[in-house]
Amino acid sequence: MRRTAVVTGASSGIGEATARRLAGEGYDVVAGARRRDRLDKLAAEVPSITPVTLDVTSQESVDALAGALDRCDVLVNNAGGALGLEPVAGARLDDWQRMYDTNVLGSLRMTQALLPRLIASGDGVLVMLTSTAGLVSYEGGGGYCAAKHAQTSMVETLRLELVGQPVRIVEIAPGMVRSEGFAVTRFRGDEAAAARVYEGVPDPLTSDDVADAIAWTVTRPAHVNIDRMVIRPRAQAAQHKLHRVGG
Ligand code: 8X3
């Protein structure tokens, strides 16, 4: 029996790397994202990946994905991201709304839609991609930190509510990851500003590093729940303690 993993935000970055990695671990992977052209390329490369057009901000889109699934053993709630780096006093309401809708409500929609199948699998794993921004706040991060804190709270609540059911609830909280798109989206397409985030940092984490951690947590024996994994590059001792060289 082949197991099925659903990965959201799978068209790039951590989501794409996770889809590839779980396919390598023997899962049939349902890769969901809005950018269908990128998913099609991914699926052409990896036969056990099925592309599905998915917008986690749309209940209809989430329901369509869930309705087409025979089974679901693993759900990776990865879709989301950061918008803007303004202080709270000058933040844009629509950025906060968008971040809440993708990161938080998107994860809620997916979780509600697939939880029955995760439980029915007999050993379901729900993986929530939060961030170190879900554990500590930083200047300019207000809206993103609030959304990530909400996801952290959601996984803690789920674990309590579902104890005794055959489903594991895992939180992956990465620090600095140089993933395609994350910083560029945060800076509204300003590639130079995005590049400055990583300037001089010897080795930020890669999407593959995070996918590796996700794969490890989901492939533990059924009784082993990795509650939370915080992963940072060696050069980042804490949110504000980043080692940069040169410059
Ligand atoms: C990404 C980590 O430090 O940019 O989730 O918020 S940070």
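Order of appearance sets the numbers: ligands from 1, and atoms from 1 within every ligand.
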**Student:** Could you check Asp101, Thr57, Thr8 and say which one makes a side chain to side chain donor-acceptor pair (under 3.5 Å) with Arg109?
**Tutor:** Asp101
**Student:** Applying salt bridge (Lys or Arg N to Asp or Glu O under 4.0 Å) between Glu171 and each of Lys148, Arg228, Arg159, report the one that passes.
**Tutor:** Arg228
**Student:** Say whether Tyr144, considering both its backbone and side-chain N or O atoms, lies within less than 3.5 Å of an N or O atom on ligand 1.
**Tutor:** yes
**Student:** Can you tell me which residue and heavy atom of the protein come closest to atom 3 (O) of ligand 1, and the distance to 0.1 Å?
**Tutor:** Gln239 NE2, 2.6 Å
**Student:** Which ligand 1 atoms are under 4.0 Å away from a heavy-atom of Ala133?
**Tutor:** 6 (O)
**Student:** Does Gly141 have a non-hydrogen atom less than 4.0 Å from ligand 1?
**Tutor:** no
**Student:** What is the distance from atom CG of Leu75 to atom OG1 of Thr4, rounded to the nearest 0.5 Å?
**Tutor:** 12.0 Å
**Student:** Before accepting this row, confirm whether a basic side-chain N of the pair Asp94/Arg98 lies closer than 4.0 Å to the acidic partner's carboxylate O.
**Tutor:** no
**Student:** State whether Glu86 and Arg188 are salt-bridged, where the test is any N-O pair (Lys NZ or Arg NE/NH1/NH2 against Asp/Glu carboxylate O) under 4.0 Å.
**Tutor:** yes
**Student:** What is the nearest protein non-hydrogen atom to atom 7 (S) of ligand 1, stated with its residue, atom name and distance?
**Tutor:** Tyr138 OH, 3.5 Å
**Student:** Please confirm whether Gln236 comes within less than 3.5 Å of ligand 1 when only nitrogen or oxygen atoms on both sides are compared.
**Tutor:** no
